[in-house]
Amino acid sequence: MKKILVITWFYPPVNSSEGLVTYKLLNNSRYEYDVFTQKNSASWSYGNNDNLENNKNINCIFAESNNLKDWKKEAIKYFKENKNKYDVVMTRSMPPESHEIGIKIKKIKPSIKWIASFGDPIANNPYVSLTKKNDHTRFLVRVKRFPKTLARNMLRKYVTENPIENKTIKYSDMIIFNSIEQQKYMLGNKKKESIVLAHSYYDKLYPKNVKKFDDKIRITYIGHLDKIRTPKLLLEAVRELKQADTNLFEKLEVDFYGNLCTDDKLYIFNNELYDVIKYKKQVGYLESLKIMKESNFLLHIDANLSLVNNENIFFAAKLADYIGSGTPIIGITMLDGASANILRDINGLVLTYSKSDIKNYLRKIIYENYSFDLNKDACLEYSAKKVAEKFDDMVSSRLGVK
């Protein structure tokens, strides 16, 4: 068959969550790909310091532009000049501009099979809804004379209406979601050809023969945190444990690699937790995999979306990398949703948004040698090889591509 054309703003050497997810999938697929991407802008990414080499089935085509507007034009121009080379195109979002290109490609060549992959919802994103809800509340407090009904309607329109998502669902031939929860949330009652393709880990990227930290218990979080997705409850639990044990720093260290919001940094400083809680600079992707294997426990934290949705629809790509490390995972998440279901499936630890719950398990880990092992067989289902096999089978059976 002809090569599959992949449109993605993020792809190595630019390392972002979406780019790495795409990299792991394509490099374990049996198909051949031309990847139209860029390497001039590392915004919204983890930088481009890692040397991730592609297998022989991948050919990258790098745009000259360094902004999304010009990149879209280049991608569409490239397709117009090479449309006879491709029978299948896959667009990867985020950002949503990838799907805008897909919409245009489908108009240029209606016979092409279009696979649209969603990292997050574009419209009605619960995380955005929660952020806007908080901003909306603060806005109404500041401007009390502003009509509340009008404000709510404006907010609802901003959050829920998006023509890119609607057209992508309508015109694409197959949609990829990363969790069943996301699939149900975005499609609702819509009848649409779609598959659930989990994020994956790539075995060969992990270092071999890594020793665990043994001077004290190390719990590690790697990734982005902010005011909505916050470790505040864990910080409060550590504060109370330290009040009861001034030598806690000799027994426990919690490392955060990535981003913390200013409020959480101040809480660590003001409560003198910096001997136990370590805020460290962001590290490259391959270094992060090494740290995962060295750690005694890995910490996963989701935003509490209960004010806007009754379950968590997000499967963070970093969680798949955690799984691949084999290190026990502690999740602070909603009891219903993608992360909780995955963690239960692999025998991870699921904790609620409760300071006492978190404190109780930390105490068990520190003072009672509490530990657990991940279910190796269940973890294998998230390997890039397994996930790519599922993708290849779906492309073959549902799109008739051999």
Side-chain angles (χ1 to χ4, degrees), residues 4 6 8 10-12 15-33 35 46 50 52-58 90 92 115 117-119 176-183 195-210 212 220 222-223 284-295 297-298 300 314-331 338-349 372-397:
I4 296 175
V6 179
T8 179
F10 293 117
Y11 195 81
N15 292 324
S16 74
S17 178
E18 178 57 42
L20 292 166
V21 167
T22 307
Y23 171 86
K24 287 179 278 188
L25 174 65
L26 302 189
N27 276 273
N28 284 275
S29 171
R30 68 172 182 261
Y31 291 112
E32 294 188 352
Y33 299 90
V35 180
Y46 306 119
D50 293 316
L52 296 175
E53 296 182 356
N54 286 301
N55 292 334
K56 293 180 180 180
N57 65 322
I58 311 294
M90 175 164 59
R92 308 285 304 190
I115 305 168
S117 173
F118 282 95
I176 296 174
F177 299 107
N178 56 56
S179 72
I180 295 173
E181 294 80 7
Q182 183 197 32
Q183 182 187 46
I195 63 171
V196 174
L197 204 66
H199 294 320
S200 67
Y201 63 86
Y202 197 177
D203 261 331
K204 81 169 194 176
L205 300 181
Y206 294 86
K208 308 301 181 186
N209 303 318
V210 175
K212 295 288 185 184
T220 302
I222 299 173
Y285 178 64
L286 295 180
E287 178 64 17
S288 77
L289 300 183
K290 178 176 180 290
I291 293 169
M292 290 176 198
K293 290 186 74 71
E294 291 173 333
S295 302
F297 295 89
L298 295 172
H300 175 76
F314 298 106
F315 178 4
K318 188 66 67 178
L319 181 54
D321 288 327
Y322 278 9
I323 293 170
S325 74
T327 300
I329 304 168
I330 303 167
S339 297
N341 290 335
I342 291 165
L343 288 170
R344 292 188 189 105
D345 180 49
I346 63 169
N347 195 43
L349 177 61
F372 53 92
D373 294 317
L374 301 184
N375 183 316
K376 291 182 179 179
D377 290 337
C379 289
L380 282 174
E381 294 302 310
Y382 297 91
S383 71
K385 182 179 179 181
K386 282 273 190 180
V387 173
E389 284 177 356
K390 180 179 179 181
F391 171 75
D392 290 348
D393 290 344
M394 291 296 183
V395 170
S396 175
S397 62

So does [Y] get a backbone contact from the side chain of [X], meaning a donor-acceptor N/O pair under 3.5 Å?
X      : Y      : value
Ser396 : Asp392 : no
His199 : Phe315 : yes
Asn57  : Leu26  : yes
Thr327 : Met292 : yes

What's the shortest heavy-atom distance between Tyr201 and Gly324, and which atoms? CG-CA, 3.3 Å
Nearest heavy-atom contact between Asp345 and Asn375 is O-CB, 4.4 Å
Is any side-chain heavy atom of Val6 less than 4.5 Å from a side-chain heavy atom of Ile58?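 No, side chains not in contact.
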Have Tyr285 and Asp321 got a donor and an acceptor in their side chains that come within less than 3.5 Å? yes
Looking just at side-chain N and O atoms, do Asn54 and Tyr33 make a donor-acceptor pair shorter than 3.5 Å? no
Please tabulate, for side-chain N and O atoms in residues 379-390, each donor-acceptor pair with protein atoms closer than 3.5 Å (sequence neighbours left out).
from	atom 1	to	atom 2	distance (Å)
Ser383	OG	Leu380	O	2.9
Ser383	OG	Lys386	N	3.3
Lys390	NZ	Val196	O	2.6

Crowding at NZ, Lys212 (>12 non-hydrogen neighbours, <6.0 Å):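 For Lys212, atom NZ is crowded (more than 12 foreign heavy atoms under 6.0 Å).
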Under 30°, 30 to 60°, or over 60°: which ring-plane class applies to His300 and Tyr322, parallel, tilted or perpendicular?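 Ring orientation, 0 to 90° scale: perpendicular.
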